[in-house]
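Worksheet: the structure to be examined is printed underneath.
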Amino acid sequence: TAPPPASRGFGTIALIALLSAFIPLSTDLYLPALPTMAATLRTTPALVNLTLVAFFVCYSLGTLFWGPMSDRYGRRPIMHIGLVMYVLASVGCAVSEHVDHLIAFRALQALGGGAATATATAIVKDLYAGRRRESVLALVQTIAMLAPIVAPVPGALLLQFTSWRGVFVVLAAVGAGALLLSLPLRETLPARFDGTVLQTLGRLGVVLRNPGFASLLVIFSLVSLPFLAYISSSSYIYQDEFGVSKLQFGLFFMGNALSALASPMLYLLLSRRVSRQSIITGCFAIMAASGVLIITVGHLHPWAFMLVLIPATMAVGVMRPPGANLMLEQQDTDTGSAVSLIGCFGLLFGCLGMLLISLFPGHYLTALGLFYIAGGLLCGLGWLAVKDRPFIRHLPDVHPDDVRAAELSATAAE
């Protein structure tokens, strides 16, 4: 049975947005405390950094497990299990007296967070369609991008009043708040998969055998490679290659991050006048062109680097809502499995980008430009090769004159 209209209201969107911000909050909120944690736990910074590595590894594995499980048991129970696990693990982190315990609890925290975010995106597919789904995805992705920009600031402020343990208490409180907000949510899964746990996990392979989903998954996941390569190398580029201070680096980084923040909403504006396919094609071209500019003029000045990088950053952000929407559109069922694969592949390609950029010490800027050129060209050519193939299911573009009417109709239905 279809979920009642009330489940599509503002409260549900707010919950989805909060759950989507869990991962950046769980990593960036405690970043300012890392040096203090090493001293308190009487260990090395390298071992403390393993709390980040363990988190990302277990998060990616967790999404692969929880997404299919939500197709089998429903979104609500999996979400609640994940949130309870997240809260308990956060408390465990706060009371850890040894770095090994902290790493273990961070792994459990990641597993719980993976369940929360996987079900949140699946709920978007369950409840919304077409233009409305893209609007919700754009809003959710905007908040998810805002979290890593904002999180280090309150994290640093918290450390003025409490220790790093207090930061994890705050994360436990955020998880508990999300759990309370999720209690009124009705089940959104229209039909559950009837099979064993192993058969449920096997649906990941079934989804990957869908040529429409698999081809789009590779194309849009590859975009994460140069993007996360920049995130991991940005401090070295600005501070070592340009010689700016830590404060100046923070300002340059924030300038680029703000452009990413505006990108999903920019897509909604562009899509009123330009077709979805044209926007995606244009974004890949901008990525490649921006890579050329990074190599040719980006080395001249930190301002020049930031300005030529912004188009590439915005191109990645602009194509995220339509890319995610198209991938979800390829699947009528197994939404949880599809969401898991989208999250996992994006993270894996991003981690590959961080690994590859580390192979070019002293030449990060040039390598980053090459990554954007290669990414834009490869993804663009792949997109042009498959976008008109019969196995790709496209969504109809909305005529500009119908946009407002469609939005009013959706609002009235809720």
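- Side-chain atoms of Ser60 come within 3.5 Å of backbone N or O of Val57 as a donor-acceptor pair.
- Relative to the six-membered ring of Phe227, Arg320 meets both conditions, a distance below 6.0 Å and an angle of at most 45° to the axis.
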Hey, mind stepping through Leu64 and Leu341 against side chain to side chain contact (heavy atoms under 4.5 Å, CB included) and telling me if it holds? CA-CA 7 Å; Leu64 283 179; Leu341 290 167; 4.0 Å; yes
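- Counting heavy atoms from C-beta on, the side chains of Val87 and Leu171 never come closer than 4.5 Å.
- Applying the ring-ring contact (aromatic ring centres under 6.0 Å, His included) test to pairs two or more places apart or on separate chains, none has a residue in residues 54-80.
- Among all heavy-atom pairs drawn from Pro264 and Ala138, the shortest one is CB-O, 3.4 Å.
- Distance CD1/Ile357 to CG/Leu225: 9.0 Å, rounded to 0.5 Å.
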Carefully, step by step, assess Met327 and Phe345 under the rule side chain to side chain contact (heavy atoms under 4.5 Å, CB included). CA-CA 12 Å; Met327 285 187 282; Phe345 268 64; over 6 Å; no
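- Contacts of Val95 classified as side-chain contact (heavy atoms from CB on, under 4.5 Å), with partners at least two apart in sequence or in another chain: none.
- In this structure the side chain of Cys379 reaches within 4.5 angstrom of the side chain of Val223, judged on heavy atoms.
- Two residues are said to be in side-chain contact when any heavy atoms from C-beta on lie closer than 4.5 Å; Ser263 and Val316 fail this criterion.
- Although no hydrogens or angles enter the test, the distance criterion places no donor-acceptor pair under 3.5 Å between the side chain of Thr335 and the main chain of Gln331.
- Here Thr63 contributes atom OG1 and Ile342 contributes atom CD1; the two are 11.0 Å apart, rounded to the nearest 0.5 Å.
- Side-chain atoms of Ser182 come within 3.5 Å of backbone N or O of Leu179 as a donor-acceptor pair.
- Residue pairs satisfying the salt bridge (Lys or Arg N to Asp or Glu O under 4.0 Å) criterion with at least one member in residues 380-393, sequence neighbours excluded, are listed as follows: Asp332-Arg393.
- A donor-acceptor pair under 3.5 Å links the side-chain atoms of Asn210 to the main chain of Gln330, judged by distance alone.
- Ring planes of Tyr230 and Phe305: tilted class, angle from 30 to 60°.
- Counting heavy atoms from C-beta on, the side chains of Met319 and Ile279 never come closer than 4.5 Å.
- The side-chain hydrogen bond (donor to acceptor under 3.5 Å, both in side chains) pairs that include a residue from residues 340-350 number zero, where partners must be two or more places apart or lie in different chains.
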Determine whether Ser275 and Ser278 satisfy the following criterion, side chain to side chain donor-acceptor pair (under 3.5 Å), listing intermediate values before the conclusion. CA-CA 5 Å; Ser275 72; Ser278 297; 2.8 Å; yes
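- Among residues at least two apart or in separate chains, salt bridge (Lys or Arg N to Asp or Glu O under 4.0 Å) pairs with a member in residues 65-88 are Asp71-Arg75, Arg75-Asp126.
- Between the CG atom in Asn325 and the CZ atom in Arg133 there is a gap of 4.5 Å [rounded to 0.5 Å].
- Across all non-hydrogen atoms, the minimal contact from Pro77 to Glu187 is CD-OE1, 3.7 Å.
- For the pair Thr43 (side chain) and Ala39 (backbone), a donor-acceptor distance under 3.5 Å is absent.
- For residues 204-230, no residue pair satisfies the salt bridge (Lys or Arg N to Asp or Glu O under 4.0 Å) rule, not counting sequence neighbours.
- Not counting sequence neighbours, the partners of Ile373 by the side-chain contact (heavy atoms from CB on, under 4.5 Å) test are Val292, Ile295, Leu377.
- Using a 4.0 Å cut-off between a side-chain N of Lys or Arg and a carboxylate O of Asp or Glu, Lys125 and Glu329 do not qualify as a salt bridge.
- Listed here is the closest heavy atom pair of Ser96 and Trp164: O-CH2, 4.0 Å.
- Under the salt bridge (Lys or Arg N to Asp or Glu O under 4.0 Å) criterion, no residue pair touches residues 351-380, with sequence neighbours excluded.
- When side chains are defined from C-beta on, Phe252 does not count as touching Ser234, because their heavy atoms never get closer than 4.5 Å.
- Among residue pairs with one or both ends in residues 249-258, those qualifying as side-chain hydrogen bond (donor to acceptor under 3.5 Å, both in side chains) are Asn256-Thr313; sequence neighbours excluded.
- The shortest side-chain heavy-atom distance between Ser70 and Met79 does not fall under the 4.5 Å cut-off.
- Looking at Val386 and Ile219, their side chains come closer than 4.5 Å, going by heavy atoms from C-beta outward.
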Pair Leu326, Arg276 - check side chain to side chain contact (heavy atoms under 4.5 Å, CB included), show working. CA-CA 10 Å; Leu326 278 175; Arg276 184 182 293 102; 4.2 Å; yes
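- In this structure, Ser20 and Thr117 approach most closely via the heavy-atom pair CA-CG2, 4.3 Å.
- Side-chain atoms of Thr119 come within 3.5 Å of backbone atoms of Ala115 as a donor-acceptor pair (strictly under, hydrogens ignored).
- Taking both residues in full, the closest heavy atoms of Ala110 and Cys58 are given as CB-CB, 3.9 Å, listed atom of the first, atom of the second, then distance.
- The ring pair (Phe, Tyr, Trp, His ring centres under 6.0 Å) test applied to Tyr267 returns no partner, not counting sequence neighbours.
- Note that the CD1 atom of Ile78 and the CG atom of Leu83 stand 11.5 Å from one another [nearest 0.5 Å].
- Proximity of Leu268 to Ser135: side-chain heavy atoms (C-beta onward) are separated by under 4.5 Å at one or more points.
- Applying the ring pair (Phe, Tyr, Trp, His ring centres under 6.0 Å) test to Tyr364 and every residue at least two apart in sequence or in another chain returns Tyr236.
- The backbone N or O of Thr196 sits less than 3.5 Å from a side-chain atom of Gln199, completing a donor-acceptor pair.
- Here CD1 of Ile392 is found 4.0 Å from CG of Leu216. Values are rounded to the nearest 0.5 Å.
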Using the rule given for side chain to side chain contact (heavy atoms under 4.5 Å, CB included), can you reason through Val169 versus Val91, listing the C-alpha separation, both sets of side-chain angles and the distance that settles it, and then say yes or no? CA-CA 6 Å; Val169 172; Val91 173; over 6 Å; no
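- Between the CG atom of Leu328 and the OG1 atom of Thr121 there is a distance of 8.0 Å, given to the nearest 0.5 Å.
- When atom types are taken as modelled, the side chain of Thr366 and the backbone of His363 share no donor-acceptor pair closer than 3.5 angstrom.
- Pairs passing the ring-ring contact (aromatic ring centres under 6.0 Å, His included) check and including a residue from residues 94-120, sequence neighbours excluded, read His98-His101.
- No donor-acceptor pair under 3.5 Å is formed between the side chain of Thr188 and the backbone N or O of Ile123.
- Ion pairing of Arg42 with Glu97 is absent here, as no side-chain N (NZ or NE/NH1/NH2) approaches a carboxylate O to less than 4.0 Å.
- Among all heavy-atom pairs drawn from Ala315 and Met287, the shortest one is CB-CG, 4.1 Å.
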